[in-house]
**Student:** 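Here it is: the structure, laid out below.
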Amino acid sequence: MRVTASAILSLVMFTGCASNPHTGLNSYLKKFDYTAFSLPRATDGVGTVIDFKNKYESIVVRADDCVLRGKDLKITERKVFAADLDEKINWNAGASFSIPKVILEFIDLAGIVKASGALSVKVSLKSPFEQYISRSQFSNFIDQLAEDDKCKSAFIDPKNLIINQTLGAQGLTYEFLDSSDNSISLSAKILDQVDLKPEIRRAIEGKAKLEANELILVGYRAWTVSRPAGIAGTNFEPKEISAQEVEARRVK
């Protein structure tokens with residue numbers, strides 16, 4: 001997903017602060033066994049079926065085609081404490097997840113980092129949330145599908161994964177930090193060294209924090225589905241697949 005220039009930017013001045021070393025997006029993903037999306041996106045969340053048959057994430061069935069048509073299936077949303085997801089990144093060392101270099105690629109973040117002399121970039125998720133479907137509801141939904149239903153075939157294919165939970169946010173903020181973790185104001189002198197569209201430059205000059213107000217999904221958890229062998233009439237059982245197992249499928 002790419003944020004368009006017209007969607008940008010409500011930009012305000014903030015002071016810098018260091019992240020708690022025991023929190024952060026990467027720590028949260030690891031703690032709750034999330035897999036980071038190969039590319040952040042706004043759609044293809046809960047109920048989407050994916051595979052890695054070509055060694056990269058491929059969509060087999062979208063949620064709109066199958067899960068969202070289930071009248072008895074409910075996607076639940078809950079808030080996540082935002083401070084837990086602030087992540088301070090050493091830009092020169094490379095980001096270990098893809099958000100910073102993708103979501104605002106039209107702004108040339110790398111150019112701003114170089115021109116400002118920033119040593120790190122603090123990335124924060126705005127109004128983060130989790131969405132999920134329950135195991136029992138999904139099991140009953142699959143069991144009620146006809147045997148020749150294309151959705152059922154996609155769900156029970158052992159090579160496929162069903163996204164059952166996502167981590168997302170209503171937007172992102174970026175803050176450029178010096179060696180003391182203080183915010184760097186984006187002065188005219190800094191921006192003179194960066195290739196920016198005039199309307200973007202006017203919006204960010206003199207500011208210390210970029211804010212992109214766009215829905216984004218950054219991580220997911222997934223199931224595979226099977227029916228217990230030798231037990232007639234038993235519902236299909238979704239089985240949680242760990243992030244480690246997802247990664248193993250990706251690199252096969």
Side-chain angles (χ1 to χ4, degrees), residues 1-21 23-29 36-44 56-57 82-129 167-219:
M1 178 195 66
R2 179 184 296 183
V3 178
T4 61
S6 61
I8 346 177
L9 291 179
S10 140
L11 296 161
V12 262
M13 183 72 76
F14 286 84
T15 57
C17 60
S19 300
N20 184 326
T23 63
L25 179 57
N26 282 325
S27 296
Y28 192 93
L29 293 175
F37 279 112
S38 300
L39 290 175
R41 74 278 314 272
T43 58
D44 307 323
Y56 57 85
E57 178 191 310
D84 286 346
L85 301 177
D86 290 349
E87 190 80 29
K88 190 175 73 172
I89 300 161
N90 181 331
W91 193 268
N92 293 327
S96 55
F97 56 92
S98 56
I99 292 172
K101 297 181 180 178
V102 174
I103 192 70
L104 289 178
E105 70 181 69
F106 65 90
I107 282 188
D108 186 14
L109 288 177
I112 294 177
V113 170
K114 182 178 179 180
S116 66
L119 295 186
S120 59
V121 178
K122 181 181 174 184
V123 183
S124 304
L125 272 64
K126 294 181 59 183
S127 303
F129 60 83
L167 174 65
Q170 297 300 328
L172 292 170
T173 60
Y174 297 77
E175 194 170 3
F176 304 93
L177 306 178
D178 62 19
S179 58
S180 299
D181 286 338
N182 295 315
S183 293
I184 299 172
S185 177
L186 302 178
S187 65
K189 183 177 180 180
I190 290 172
L191 298 182
D192 284 344
Q193 304 173 61
V194 185
D195 184 17
L196 295 171
K197 293 182 178 180
E199 64 272 22
I200 294 177
R201 175 171 177 142
R202 286 193 296 271
I204 68 177
E205 187 171 330
K207 309 300 181 182
K209 197 167 186 177
L210 310 185
E211 184 171 327
N213 297 307
E214 286 285 321
L215 175 68
I216 179 174
L217 301 177
V218 298

**Student:** With a 4.5 Å heavy-atom cut-off, do Leu186 and Leu210 have their side chains touching?
**Tutor:**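 Of all side-chain heavy-atom pairs linking Leu210 with Leu186, at least one is under 4.5 Å.
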**Student:** Between atom CG of Leu119 and atom CG of Asp178, what is the distance when rounded to the nearest 0.5 Å?
**Tutor:**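 CG of Asp178 is found 7.0 Å from CG of Leu119.
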**Student:** Any side-chain heavy atom of Glu87 sitting closer than 4.5 Å to one from Tyr28?
**Tutor:**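 SC-SC contact between Glu87 and Tyr28 ruled out.
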**Student:** What heavy-atom pair brings Leu85 and Pro128 nearest, and what distance separates the two atoms?
**Tutor:**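 Nearest heavy atoms, Leu85 then Pro128: CD1-CB, 3.4 Å.
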**Student:** Distance-only, no hydrogens or angles: does the Ser185 side chain make a donor-acceptor pair with backbone N or O of Ala208 under 3.5 Å?
**Tutor:**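 Flag not set: sc Ser185 to bb Ala208 has no pair under 3.5 Å.
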**Student:** As an exercise, state the distance from CD1 of Ile204 to CD of Glu199, rounded to the nearest 0.5 Å.
**Tutor:**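 The CD1 atom of Ile204 sits 11.0 Å away from the CD atom of Glu199.
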**Student:** Would you give the length of the straight line joining atom CD of Glu205 to atom CG of Leu196, rounded to the nearest 0.5 angstrom?
**Tutor:**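 Going from the CD atom of Glu205 to the CG atom of Leu196 covers 10.0 Å.
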**Student:** Decide side chain to side chain contact (heavy atoms under 4.5 Å, CB included) for Leu215 and Phe129; before the verdict, give the C-alpha distance in whole Å, the side-chain angles of both, and the deciding distance to 0.1 Å.
**Tutor:** CA-CA 11 Å; Leu215 175 68; Phe129 60 83; 3.5 Å; yes
**Student:** Rounded to the nearest 0.5 Å, how far apart are CD of Glu214 and NZ of Lys126?
**Tutor:**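 Between Glu214 CD and Lys126 NZ, I get 10.5 Å after rounding to 0.5 Å.
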**Student:** Quick one: are Leu25 and Leu167 in side-chain contact, heavy atoms under 4.5 Å?
**Tutor:**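 Yes, side chains in contact.
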**Student:** List the atom of Gly111, the atom of Val194, and the distance in Å for their closest heavy-atom pair.
**Tutor:**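 Here Gly111 and Val194 meet closest at O-CG2, 3.6 Å.
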**Student:** If every non-hydrogen atom of Ile184 is compared with every non-hydrogen atom of Ser116, which pair is closest and at what distance?
**Tutor:**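 Shortest heavy-atom contact: CD1-O, 3.8 Å.
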**Student:** Closest approach of Phe176 and Ala118, non-hydrogen atoms and distance?
**Tutor:**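 Scanning both residues completely, I find the closest heavy atoms to be CB-CB, 4.0 Å.
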**Student:** Taking C-beta and beyond as the side chain, do Leu172 and Leu125 meet within less than 4.5 Å on heavy atoms?
**Tutor:**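 In short, these two side chains touch, coming nearer than 4.5 Å.
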**Student:** Look up atom NZ in Lys88 and atom CD in Glu175, then write down how far apart they are to the nearest 0.5 Å.
**Tutor:**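 Reported to 0.5 Å precision, the distance equals 11.0 Å.
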**Student:** Taking all heavy atoms of Ser120 and all of Asp181, pick out the closest pair and write down the distance.
**Tutor:**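 Heavy-atom minimum between the residues: OG-OD1, 4.3 Å.
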**Student:** Go through the steps to decide whether Asp192 and Arg201 satisfy the test side chain to side chain contact (heavy atoms under 4.5 Å, CB included), and finish with yes or no.
**Tutor:** CA-CA 9 Å; Asp192 284 344; Arg201 175 171 177 142; 2.8 Å; yes
**Student:** For Lys189 and Gln193, which heavy atoms make the closest approach, and how far apart are they?
**Tutor:**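 Here Lys189 and Gln193 meet closest at O-NE2, 3.3 Å.
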